[in-house]
Protein chains: 2
Amino acid sequence: MIQLDARDKAILLELQQESRLSYAEMGSRVGLSPAAVHDRVKKLERKGVIRAYKIQVDPEALGLKLTAFVAIRLDNNFTGREIQPGLEQFHQIEEVHSIAGENDLLLKVRTSDTKALEALIYRIKAVPGIARITSTIVLSTALEGRPLVPGESDESIELR
Amino acid sequence: MIQLDARDKAILLELQQESRLSYAEMGSRVGLSPAAVHDRVKKLERKGVIRAYKIQVDPEALGLKLTAFVAIRLDNNFTGREIQPGLEQFHQIEEVHSIAGENDLLLKVRTSDTKALEALIYRIKAVPGIARITSTIVLSTALEGRPLVPGESDESIELR
DNA sequence: ATTGAAAGGGAAGTGAT
DNA sequence: ATCACTTCCCTTTCAAT
C-alpha cells in the first residue's frame, strides 16, 4: 500500500472538496510552499491515488429527477463479469457493484422519471443471464459525494 | 427547469470526465471560442448546474478496502430527517438516501475492513430511532463515477 | 523542501456581428 | 449570445540551491 503522511491526507481532503485551489492556497493551508504541494500532488497523480479531476453536476438540472437502486439476481450459470458489458450500454447506470447476499449486483441508476425507469428496467431485463430485478426508489438524498477520509487502522478499538 | 442546449451538455460531459481542460481545448471540442466556453461555464456555475470541482480518489489507496450498503429501518415515530444529524458524524458514510420500501434509509459506507464495518454498525445502532440494520457487502465495483447524461424527455418511447 | 524565473492559462473588458 | 482581440495577473512548471 501507498504511504501517505498527514500532509498528503490534508491535501487530498482539500482537493476532494475543491479541486481548483491554487498550490499557493493549498500550501498555506497545509503548511508547505506551493512547489512542495505541487510535487506531492503530481506524485499522488502518478501513484493513482488521485484518479481524476471532475465536476459534480446537479442531477436535477440535467432532468434526472429520479434516483433508484436496482438489485439484480443472476441465473446460476452467469457471473457479474459476463453481464457487465451488457449493462455498460445504459448510460443511466451510474454504478455497478457486485455484492454478497440474496442478490448478485447492485446498480445505482438515474432517470428523468418513473416512466424512464420502467423503460430502463425492461431493457435490463432483456440482458441474458438476469433472473430477477428488485428496484428501490430514492425519495430524497441527504448526503452524497462526501470526501473519503483515510481509514485509520485502529478504528475498531472503540468496540467494547 | 434550466434550459441546456447541445453545447452546454457537451461541455458538462467533458468536464465530468476531466475538469482541468483549458477553455481553448474545450472550445475546439465543442465548436466554440474559448471566451464563449468561458461564458457558458460561468453561467452553469452560477445556475448551480455545476455544483463543485472535485477530485476522485482511489478508496483503496486511502486504506478503504471495504464498501458496503447499509439499509436502515426506523422506529415508526422517527423520520429520516431527524436521524440524519446523528449519521453525519460518521465520516465513513459517503451517501445517505431516504428510500421507499421495506427500509427507510440506504447508506453507502467505506471502511478499512470488516472489523471497522462492524464497529461502525454498532455505533450506528446506538443512534436513537434506528430499529434494524441490514448490511450488504460489496465484493467488487465494476463501474463508479460515470458521467451523468441529460435525461431525454422521450426515453420511454422505446417501450412497446 | 524552498526559492526564483519563465511560460502558459484564466479573467475581464472592449467592440463588432 | 458569440466572437476576436487585448490586457493584466495569477498559476503552473521547472530549474537550481
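All chains are named by letter (A, B, ...) in the order of the sequence lines, taking the proteins before the strands, and each is independently numbered beginning at 1.
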* Structure fact -> From NE2 of His38(B) across to C1' of dA1(D) the rounded distance in Å is 16 Å

* Keeping to residues at least two apart or across chains, list the side chain to side chain donor-acceptor pair (under 3.5 Å) pairs with something in residues 7-17 of chain B. => Asp8(B)-Arg40(B), Glu14(B)-Arg29(B)

* To do: Grab the CZ-C1' distance between Arg20(A) and dG9(C) for me, whole Å please.
  => 14 Å

* Asked: Does Ala61(B) offer a backbone N or O that forms a donor-acceptor pair with the side chain of Lys47(A) under 3.5 Å?
  -> no

* Asked: How many Å lie between CD on Glu25(B) and P on dG10(C), as a whole number?
  -> 11 Å

* To do: Identify, between Lys42(B) and Asp39(A), the residue whose nearest nucleotide on DNA chain C lies closer to the 5' end.
  => Asp39(A)

* Structure fact -> Here the distance between atom P of dA1(D) and atom CG of Asp8(B), to the nearest Å, is 11 Å

* To do: Indicate, with a heavy-atom threshold strictly under 4.0 Å, whether Arg40(A) touches base, sugar-phosphate, or nothing.
  => sugar-phosphate

* Could you give the CD-to-C1' distance, from Glu45(A) to dT13(D), as a whole number of Å? -> 13 Å

* **Backbone of Glu94(A) reached by a side-chain donor or acceptor of Arg110(A) within 3.5 Å** => no

* Report the nucleotide, chosen from dT2(D), dC14(D), dA1(C), that has the shortest atom-to-atom distance to any side-chain atom of Ala36(A). => dA1(C)

* To do: Report the distance from atom OH of Tyr23(B) to atom P of dT6(D), rounded to the nearest whole Å.
  => 21 Å

* **Arg46(B) CZ to dA12(C) C1', straight-line distance once rounded to whole Å** => 13 Å

* Asked: Would the number of heavy atoms belonging to other residues, nucleotides or ligands and lying under 6.0 Å from CG of Asn77(A) be above 12?
  -> yes

* Closest listed nucleotide, where the reference is the side chain of Ala35(A) and the choices are dG9(C), dC14(D), dA4(D) -> dC14(D)

* Asked: Is the phosphate of dT2(D), meaning OP1 or OP2, less than 4.0 Å from a side-chain N or O of Ser33(B)?
  -> no

